[in-house]
Amino acid sequence: MHAEPAQGALRLDVVGAGPAYSDRPGATGAAYLVRHERTAILLDLGQGSFPRLAGLLDPGILDAVVVSHLHPDHFIDLVALRHFLRWGPSHPRRVRVLGPAGLAERLDCLHAEPGFCAAALDVETLEEERLVVGSLQIEVGRVAHAGESFAFRISAIGHGPGIVYTGDCGRADDLAPMIRPGDDLLSEVSFGPGPVPVSAAHLDGPSVGNLANRTGVGRVLLTHLLMGFDPGETVASVRGRFGGAIGLVAPGDQFTLGSPSPRALEPAP
Ligand SMILES: [Zn+2]
Ligand SMILES: [Zn+2]
C-alpha cells in the first residue's frame, strides 16, 4: 500500500494507461485515481486495471468513478468493481458511477441480466456540467470522439490549478475552454508523432503540443499511446511545440498536481 496523500495536495495515481490493444505487458486500460484530502475519484476503469486499483486503496471507498465514454478500454473493469462490491470483503457495498447515457445497459447486456449493474453501482448520467464530489470539483465538457464522449477538469474546490483529462478526443479545440493556466494536462496521444488518420477521432503529439502551448498548461502527461508508436518520438513531437515538462505516464506513476514534480518526466521504458 502507498502512503496517504499529503494534506491539501491533489494527487494523481496512474492505475492504467493503455489504449484499446497493446503488445506491452501491463498496459491495462485507462484508469486514473485523483485524491484530495479524504476524497477519491477514479477517471475511467478500462480493461485489466481493477487489480492495480485494489492495490492502491479499497475500491469500496471511492467517492465516484467518472467514465469518459463507452469504449471498453475506458469502462469494462466496472464489471470487476461490481463483483467486488457485491461479493468482496464487507459486501454488499455500493459506489457512485457517473457516465454517458446507456452505461448501465451496456453492463447489464454483458451478463444478459437486467439489474446486474444496479446491484452495486449507482449510475448517474453525465451532462456538460459542474459537479462537486467531496472536496473536488469536476467540470464536464463534451469532446468529439465516439457518441457521447467527455473530458474532465478536476480541481480542489476554491483554489489552485487542477488536472484536465482528455479521455479520448478527436479535436483538441474542444479541450481548450476547459484548461486554466497551470493545470496539468493528462492527454491521450494515440497516434504518437502523428498524423492521425482522417477516420480516427484521436490526438497526436503535435496537436497536444499546440494545445498545451496556447493554453499555458503546467505539465503534459501523455497516455493512451497506440501499439507501434515510439515513446521517444512521441514526446519529442510534443516538445517541439511546448516548452514545459512532458512525459509519457505508466501504471504506478504518482504525481502531485498543480506544482511541478521534482522527478523527471521521461518516457517510460
Ligand atoms: Zn481509448
Ligand atoms: Zn475511445
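Atoms within a ligand are numbered from 1 in the order they appear, just like the ligands themselves. Along the sequence shown, residues carry numbers from 1.
For the pair Thr223 and Thr166, the minimum side-chain heavy-atom distance is 4.5 Å or more. Annotation: side chain of Leu203 is not in contact with side chain of Val189 (no heavy-atom distance under 4.5 Å). Between Asp253 and Tyr32 there is no side-chain heavy-atom pair separated by less than 4.5 Å.
Taking the N/O/S atoms of His71 in turn, the shortest distance to the Zn ion (ligand 2) belongs to ND1. The N, O or S atom of His145 lying closest to the Zn ion (ligand 2) is NE2.
His202 and His224 share no donor-acceptor pair across their side chains, judged by distance under 3.5 Å alone.
Angle OD2(Asp168) to the Zn ion (ligand 1) to NE2(His224): 100° [nearest 10 degrees]. Take the Zn ion (ligand 1) as the corner point: the lines to OD2 of Asp73 and to NE2 of His74 open at 100°, to the nearest 10 degrees.
Checking His202 against the Zn ion (ligand 2), every N/O/S atom stays at or beyond the 2.8 Å cut-off.
His111 and His83 have their aromatic ring centers within a separation under 6.0 angstrom.
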